[in-house]
Each structure stands twice: as structure tokens, then as C-alpha cells.
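Below: one structure, written as C-alpha cells.
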Amino acid sequence: MKANIAAVGLGHPFEVGFDEAESLLNTTVDTLTAQGINCTNVNVVMHDLDTVKEAAARLKSVDADVILICIATWSEDHHLLDLLSYVDKPVILRAYPARDTGSLCCAHQIGAVFTDIGKGYEFVYGYADNVDCAVKTKTIATAYALANCMSKVRMGAIGGRVKGMTEIAYDEFSIKQKLGARIVNIDEKEMTEKVAAMTDEAALELLEAKKPMIPPCKVTSTKESLIESMKFYGAMKALVDEYDLEALAVKCYTTYMGKVCLGYSILAEEGIVGSCEGDVTNALAMKIVYELSEKPVNNTDLLYLDEEKNTILFAHCGSSGFSIAGGEIELAPVRLAETGVCCKFVMAPGTVTAVNICGHGEQFRMAVMVGEAIPCGMEFPGNPVVVKYEKPVDVINEEIMANGIGHHWMIGYGDFRKELESFCKIKGMKYYEI
């Protein structure tokens, strides 16, 4: 995910340093750009109502997730109040070290005003060419971009949730308030009718059309199961298109167990996330991790602690995207039911973030763990990943229980702790780094 930042200057013509305000703005933007950050310089230093209006007009033409206010000198704070009356977007206040410009004290002054009017803001302090400041700005902006992205997500819940998993009962109001997404509730009959309507010949044609995205693999499922699985893929894809969805959760256990897995794996390669067992909330956790990592995400259960090696085994039946495989892929029947088509493979090594979201109302919460996925075997029939942690895994285990964290963990490549913590802060959501 790439955040879009728009940068504007602020200063007072009477103050020391005003003649350097434009240069300060340019250097700040150049430093961000050098770090691969999308930052548009609107080329205005606000200092009166006319320049505020000019800045607002230019900002309106920029699709920015956040506005970076580069405070060159002390300034009258009402200029920002006027700006927000024209363009009310998230704001980062950027102040610079100097004894005589008043940049820092102006930021403090504006922070007090924003607090009193209930306007949230972020703060970055350091020299214009400071790379750490640029990285911090990127992290903050990414969190706002994520919030912006999630506010537009439409999530399809097909058939509700699996009985016996009260923990994953989804709260549409909390989800809309905290994550931004809208839930589209879909009767499973809409899926099964589309499955029934597809002929075997059409399913085989669809399988042939999707072969370029399926790597060479071992096949132990029957031809009949492959045909059935492609019918379920076709049905889910049709619902994705019909309802304009970016995420799915199907009540698969036990009726459709193994029947939707291959479809999920193909959809993952097409940018649509899908969670198991009708877990709507954690389908959105998958979407969040997908946006941050820009790779398919592994839907897992936390299964086993190895205290001697300080590792945790995560796995589920096998519905992850092919591109995160760390070895041979097998299209095989699902465990227990021994039907359908699962995409069995071990997850490739690398730094990974595991995310769980659960709860309702004020208890809505996100838990995050970051560790190193290490090479492993087929420790569990599905998509196993063994993750090594710095913190003792017995302590991790106790913290999960102490904070009432659920059993589904969405695992993606990268370390996104800072972005996720900022996201939770923005959305007023409980955050636990386990």
C-alpha cells in the first residue's frame, strides 16, 4: 500500500525564518520522495487568508490521505482552522529544530487548539532532511491510507458463521465504526444456485483458463472434486463481481469444507481475500494485512507451542494463495472430510505479522505478533507455518489468554506493528502487541 501525502507550508512574514519556509517545504518533500513516499508539494506557504484559500484549492485537486503541515515559523493558528473549513482531512504537524523561528512552539500551540475543538492530529519533529522523520511520516500516512481504504471495502458474508464458534460472531456496527468496512450478508443459496447452474464442461473450461496462475503441483484430489471446486470458485467470483466485494467469508465447516478452498486460493491471487468458517471479522484482518503486504495472506489457527525451539505452529486446511508457497504444492482432499480440493503447501520463510481481530463494541480489539517464519515440513495438512519469536512462546501464550484473543490468526509477510498500532489509534480501537 502506498499512502498519498500532500505537503503545505505555514509561517508568518514577521518571524525569523519565513524567507526559508519554501526551501524547508521543498526539502521535506524531497526527503520523503527519496524514501519512496508519494508526496505532493502544493507549493504554498500559508500566511494569510488568500494563501490559505490558494492552498485549499490545490489540496482539493490532490487525492491525499493526509495533509502534512510544514511549520516553518510561529504562525497565527487560525490559518489552519480556516484551511480545515475548506479541506478537512487528517493532519500531520511537522515542526523543525531552531532557536529563533518558533516552529516548535507553534506546533504546540496548534496541538492545543486542535485538542480543544476535537480535531485529531499527528506530530513529527526533526530536521527537514532527517530520514527517520520521513519514515515516521510514512508510517503515520500509511495508517491513514489504510483507514481510507478500509472505509470503502465491501465484505461478503456467505451463510453466516459456523455454529459453535460464538467468538467469531460479527458485530456489523463495530466493524463499520472501527474498521470502516460494510458487510454484505449473502444467503448461501445464492452461492449454491450458481454452483448448480454451472456445467461440468464450463467448470473444466474455467480450470483451464486459470491454469496460468496455478503453479505446477501434485494432484491427489479426484477429477470430480476439481470440477466441483471450480464450480464453487465460479460462484464466488460471480458474487464478488455482482456485489463488488473485496473480501469473503463462507460458512464452510462442515458442509462446504474443502469445496471452497481451491476457489479461495485462486481468488487470493486475484486480490480477493477469503477467510474460513464464516469469520467475517478476520476476513477483514486478512484484508488489512493484504493491503500492507501486497501479497496473499495465510488464514490459520494457532496450534502448537515448541518451548524448546521457541516456535509456534500455525496452520489451517489449505486455502492460501499459491505465491506464498515455500515448496511443493499439492491439490489434495481436505483433512477430516477427505473430500474437495485444498492447496497444501508450507509457507515460505521470512518476517511475518500475525493479526487477530475480535470482540464487540468497546471490546473490539486487535492483537499483533511479529516473528520469523522458518523452514518447516507438512506439520499439519494444509498451509502450515512455523514462526520463531524473540519473546518466550509460553509468555505469548499467557498474554493471548489474559487478553481474550481469539484463535484465528491472519499471517502475512512484513513487520507492520507500527502501522497497525497507528491504525488502531486512529480508529479508537484496542491494540495489543503480543
> Is there a side-chain contact (heavy atoms from CB on, under 4.5 Å) between N148 and N4 once you walk through the steps?
Replying inline: CA-CA 11 Å; N148 191 18; N4 292 316; over 6 Å; no

>> Taking the side chain as everything from C-beta on, heavy atoms only, tell me whether C424 gets closer than 4.5 Å to K430.
In response: no

> Donor-acceptor pair, N298 side chain versus M347 backbone, under 3.5 Å?
Replying inline: no

>> Minimum heavy-atom separation for L93 and Y121, please, with both atom names.
In response: CD1-CD1, 3.9 Å

>> Is it true that, when you exclude Y256 itself, more than 12 heavy atoms of the residues, nucleotides or ligands shown sit nearer than 6.0 Å to its OH?
In response: yes

> Any ion pair linking E190 and K194 (charged N to carboxylate O, less than 4.0 Å)?
Replying inline: no

>> Looking at T27 and D129, would you say the former's side chain and the latter's main chain have a donor-acceptor pair under 3.5 Å?
In response: no

>> For a quick check under 3.5 Å, do D30 and T33 share a side-chain donor-acceptor pair by atom type?
In response: no

>> Checking the side chain of T300 only, and the main-chain atoms of H316 only, is there a donor and an acceptor separated by less than 3.5 Å?
In response: no

>> Counting C-beta onward and ignoring hydrogens, is there a side-chain heavy-atom pair between I110 and L10 closer than 4.5 Å?
In response: yes

>> With a 6.0 Å cut-off (strictly less than), is the heavy-atom count around CD of E22, excluding the residue itself, greater than 12?
In response: no

>> Minimum heavy-atom separation for L104 and A95, please, with both atom names.
In response: CA-CB, 4.1 Å

> F232 ring centre to K259 NZ or CZ under 6.0 Å, with the angle to the axis within 45°?
Replying inline: no

> Could you give the distance from CE (M155) to CE (M150), rounded to the nearest 0.5 Å?
Replying inline: 9.5 Å

>> Let's go through M165 and H407 carefully: what are the C-alpha distance in whole Å and the side-chain angles of both, what is the deciding distance for side-chain contact (heavy atoms from CB on, under 4.5 Å) to 0.1 Å, and is it a yes or a no?
In response: CA-CA 10 Å; M165 290 189 190; H407 75 291; 4.0 Å; yes

> Roughly how far, to the nearest 0.5 Å, is the CG atom of L204 from the CG atom of L226?
Replying inline: 8.5 Å

> With side chains defined as the heavy atoms from C-beta onward, is the minimum distance between Y125 and C133 less than 4.5 Å?
Replying inline: no

>> Could you check whether K418 pairs with E421 (Lys NZ or Arg NE/NH1/NH2 to Asp/Glu carboxylate O, under 4.0 Å)?
In response: no

>> Within a 6.0 Å radius of atom CZ on F173, are there more than 12 heavy atoms belonging to other residues, nucleotides or ligands?
In response: no

> Is any NZ, NE, NH1 or NH2 atom of the basic residue among K2 and E294 found under 4.0 Å from an Asp or Glu carboxylate oxygen of the other?
Replying inline: no

> When you check the side-chain N and O atoms of D279 and H408, is any donor under 3.5 Å from an acceptor?
Replying inline: yes

>> Determine whether a donor-acceptor pair (N or O, by modelled atom type, separation under 3.5 Å) exists between the side chain of D301 and the backbone of L303.
In response: no

>> Using modelled atom types and a 3.5 Å cut-off, is there a donor and acceptor pairing between side-chain atoms of E269 and backbone atoms of S323?
In response: yes

> Which heavy atom in T166 sits nearest to a heavy atom in R161, and how many Å separate them?
Replying inline: N-NH1, 3.6 Å

> Got a sec: does the NZ of K138 have more than 12 other heavy atoms crowding it under 6.0 Å?
Replying inline: no

>> Going by salt bridge (Lys or Arg N to Asp or Glu O under 4.0 Å), E246 matches just one of R154, K152, K287. Which one?
In response: K287

> If every non-hydrogen atom of A143 is compared with every non-hydrogen atom of S422, which pair is closest and at what distance?
Replying inline: CB-CB, 3.4 Å

> What distance separates I357 CD1 from M286 CE, expressed to the nearest 0.5 Å?
Replying inline: 12.0 Å

>> Could you tell me if the side chain of Y86 sits less than 4.5 Å from the side chain of L59, heavy atoms only?
In response: no

> Taking 4.0 angstrom as the limit, do K425 and E122 come out as a salt bridge?
Replying inline: yes

> Which of these passes side chain to side chain contact (heavy atoms under 4.5 Å, CB included) with F345: P384, S320, C217, S265?
Replying inline: S320

>> Closer than 3.5 angstrom, by distance alone: can the side chain of T73 be matched with the main-chain N or O of G17 as a donor-acceptor pair?
In response: no

> Okay, side chain of R94, backbone of G126: is any donor-acceptor separation there less than 3.5 Å?
Replying inline: yes

> Do the side chains of N43 and V29 get nearer than 4.5 Å, heavy atoms only?
Replying inline: no

>> Under a 3.5 Å distance rule, please check whether N383 uses its side chain to pair with a backbone N or O of V385 as donor and acceptor.
In response: no

>> I'd like to check the side-chain hydrogen bond (donor to acceptor under 3.5 Å, both in side chains) partners of T192; sequence neighbours left out, ordered by chain and number.
In response: none

>> Between M236 and V250, is there a side-chain heavy-atom distance shorter than 4.5 Å?
In response: yes

>> Taking NZ in K295 as the centre, count heavy atoms belonging to other residues, nucleotides or ligands within less than 6.0 Å. Is the count above 12?
In response: no

>> Is the shortest side-chain heavy-atom distance between I186 and Y243 below 4.5 Å?
In response: yes

>> Let me confirm one number: the CG-CD1 distance from L179 to I288, rounded to the nearest 0.5 Å.
In response: 5.0 Å

> Of all heavy-atom pairs between L84 and K89, which one has the smallest distance, and what is that distance?
Replying inline: CD2-O, 4.3 Å

>> Show, in sequence, the C-alpha distance, side-chain angles and deciding distance for S85 and D82, and conclude whether the side-chain hydrogen bond (donor to acceptor under 3.5 Å, both in side chains) test is met.
In response: CA-CA 5 Å; S85 69; D82 290 339; 5.1 Å; no

> With a 4.0 Å cut-off, would you call E172 and K176 a salt bridge?
Replying inline: no

> Within a reach of under 6.0 Å around CZ of F114, are more than 12 heavy atoms found that belong to other residues, nucleotides or ligands?
Replying inline: yes

> Would you find a donor on one side and an acceptor on the other, under 3.5 Å apart, between the side chain of K231 and the backbone of A196?
Replying inline: no

>> Strictly distance-based, threshold 3.5 Å: is any side-chain N or O of D187 a donor or acceptor partner for the main-chain N or O of K189?
In response: yes

> Hey, are N185 and Y170 close enough side-chain-wise for a donor-acceptor pair under 3.5 Å?
Replying inline: yes

>> One pair to check against side-chain contact (heavy atoms from CB on, under 4.5 Å): I272 and Y264. What are the steps and the verdict?
In response: CA-CA 8 Å; I272 306 298; Y264 268 9; over 6 Å; no

>> One thing to verify: whether K237 and E270 come together as a salt bridge, which I'm taking to mean a side-chain N less than 4.0 angstrom from a carboxylate O.
In response: no

> Atom CD1 in I67, atom CG in L83: separation rounded to 0.5 Å?
Replying inline: 5.5 Å

>> Ring-plane angle category for F14 and H12, please: parallel below 30°, perpendicular beyond 60°, tilted otherwise.
In response: perpendicular

>> For a quick test of reading the model, state the closest non-hydrogen atom pair linking A128 to T28 and the distance between them.
In response: CB-OG1, 3.5 Å

> Do D88 and K119 pass the side-chain contact (heavy atoms from CB on, under 4.5 Å) test, and can you show the C-alpha distance, the side-chain angles, and the key distance before you say yes or no?
Replying inline: CA-CA 10 Å; D88 191 3; K119 170 67 178 178; 2.9 Å; yes

>> Looking only at side-chain N and O atoms, does S275 offer a donor or acceptor that is under 3.5 Å from a partner on N282?
In response: no

> Under 3.5 Å, is there a donor-acceptor pair between the N26 and N41 side chains?
Replying inline: yes

>> In the structure I gave you, are the side-chain heavy atoms of L292 and L146 within less than 4.5 Å of one another anywhere?
In response: yes

> Looking at CG of L420 and CE of M429, how far apart are the two atoms once the value is rounded to the nearest 0.5 Å?
Replying inline: 9.0 Å

